[in-house]
Asker: 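The structure follows.
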Protein chains: 2
Amino acid sequence: MASKELQVLEDYIVQNKLKITKQRRAVLNAFLECEKHVSAEELYNQVTLTDPKVGLATVYRTLALLTQSGLAADLDFGDGQKRYEHTYMHSHHDHMICTECGKIIEFNHPLIEKFQEEVASRNGFTITSHKLDMFGLCSECR
Amino acid sequence: MASKELQVLEDYIVQNKLKITKQRRAVLNAFLECEKHVSAEELYNQVTLTDPKVGLATVYRTLALLTQSGLAADLDFGDGQKRYEHTYMHSHHDHMICTECGKIIEFNHPLIEKFQEEVASRNGFTITSHKLDMFGLCSECR
DNA sequence: GTTGCTGCAAAGTGTTTGCACCCTG
DNA sequence: CAGGGTGCAAACACTTTGCAGCAAC
């Protein structure tokens, strides 16, 4: 089955005169199967389950491609490695990160967004992206 | 002159049976003179202007000390290196980061904080810290 | 067949650590 | 004078890059 995401990636690839390869498909598929916030290493482990010969460098290179084509976005929760999340057909959200168990709760609050815009325009600032991370303890770790 | 910050650092050092050294004083002083969001490297360059023999490792180690004693906090603007900001006698604030010129505007919006608390408690989440970074263009770069 | 892609290993980047010597308390 | 602190260099963790062969168009 050709997912919508594969379509997006191939469109991007064709438009930029790049090439569609099975490694790129494999990384994309693994990414789509992965849970929300994967690191490059985790994705690499996932990919090599089905395609053992794919290299870590290719995973990094393909993640860059996914980011450029709008399918993924990189996050930094301050643990020393970038994490990637799905962005295609996913609306913006922020994160609560449990510092005990690592659980991540996603949320979105329209009023927070609204006040962000307000404070930005008051400073003549044009927002292109933002991120709000709240660190603490989830209900189970409290 | 013995700044309040020096007092805080020395208190922390004494309480933890550590030792006050001229390197630690030098790093603290350089940190206090620095603008808001310094990287370890920048601070190292600053320190070595007056104390050429201080090593980069000592700067890192002292920054850890400053963080533990509550004088500094580390930030991550996603540029691949940690930055440190003053926290002593500074209230919490968030950041607008101009992706063009690197300018950082600090702000605080009580209502944003309030809604953060609200959304957290609704999820049974206890916030210990949070950060909100907005990326975009400042008034001069627009 | 041209040009981009891959895997590998090597190089980079920012940060941490091991160690012998030094200095504070 | 004991035990932590320092500078140096090596080690680290994660990511990027150079290159020769390979595959897509």
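In what follows, every chain begins at residue 1, and chains take the letters A, B, ... in the order their sequences are listed.
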Asker: Rounded to the nearest Å, what distance is computed from the CD1 atom of residue A/I13 to the P atom of nucleotide D/dA24?
Answerer: 12 Å

Asker: Answer with base, sugar-phosphate or nothing: what part of the nucleic acid does B/R24 contact at a heavy-atom distance below 4.0 Å?
Answerer: sugar-phosphate

Asker: Take the protein atom CG of A/L63 and the nucleotide atom C1' of D/dT16, then report the distance between them rounded to whole Å.
Answerer: 13 Å

Asker: Any side-chain N or O of A/Y60 below 4.0 angstrom from OP1/OP2 of D/dT15?
Answerer: yes

Asker: By nearest atom, which of the nucleotides D/dA24, D/dT6, D/dA2 is closest to the B/K19 side chain?
Answerer: D/dA2

Asker: Rounded to the Å, how far apart are B/Y12 OH and D/dG4 C1'?
Answerer: 14 Å

Asker: Just verifying a value: how many Å separate B/E5 CD and B/L71 CG, rounded to the nearest 0.5 Å?
Answerer: 6.5 Å

Asker: Is the B/H109 ring parallel, tilted or perpendicular to the A/F115 ring (thresholds 30°, 60°)?
Answerer: tilted

Asker: How many angstroms lie between CD in A/E106 and NE2 in A/H95, if you round to the nearest 0.5 Å?
Answerer: 4.5 Å

Asker: In whole Å, I'd like the distance from the CG atom of A/L56 to the P atom of D/dT15.
Answerer: 8 Å

Asker: Would you mind reading off the distance between A/E42 atom CD and D/dT15 atom C1', rounded to a whole angstrom?
Answerer: 16 Å

Asker: Under 4.0 Å, counting only non-hydrogen atoms across every strand here, what does A/K53 touch: a base, just sugar-phosphate, or nothing?
Answerer: sugar-phosphate

Asker: Taking the side chain as every heavy atom from C-beta outward, state whether B/Q116 and A/D94 have any atom pair closer than 4.5 Å.
Answerer: no

Asker: Let me know, please, whether B/A57 or B/K22 comes out on the 5' side of the other along DNA chain C by nearest nucleotide.
Answerer: B/A57

Asker: Between A/R122 and A/E118, does at least one N-O distance fall below 4.0 Å, as a salt bridge requires?
Answerer: yes

Asker: Is any side-chain N of the basic residue among B/E100 and B/R142 closer than 4.0 Å to the acidic one's carboxylate O?
Answerer: no

Asker: Quick one: on DNA chain C, does B/R61 or B/D79 contact a more 5' nucleotide (nearest heavy atom)?
Answerer: B/D79

Asker: Provide, to the nearest angstrom, the distance between the CG atom belonging to A/L65 and the P atom belonging to D/dT16.
Answerer: 13 Å

Asker: Heavy-atom nearest nucleotide on DNA chain D for A/S39 versus B/I20: which residue maps closer to 5'?
Answerer: B/I20

Asker: To the nearest Å, give me how far apart CZ (A/R83) and C1' (D/dT15) are.
Answerer: 15 Å

Asker: Where the side chain of B/Q23 is defined as all heavy atoms beyond and including C-beta, which of D/dA9, D/dT6, D/dT16 is the nearest nucleotide?
Answerer: D/dT6

Asker: Whole-Å distance between D/dC14 C1' and A/Q81 CD?
Answerer: 8 Å

Asker: For a 4.0 angstrom threshold against heavy atoms of chain A, report the outermost contacting nucleotides of DNA chain C in 5' to 3' order.
Answerer: C/dT3 to C/dC8

Asker: Kindly compute the distance separating CG (A/N29) from CG (A/L9), expressed to the nearest 0.5 Å.
Answerer: 10.0 Å

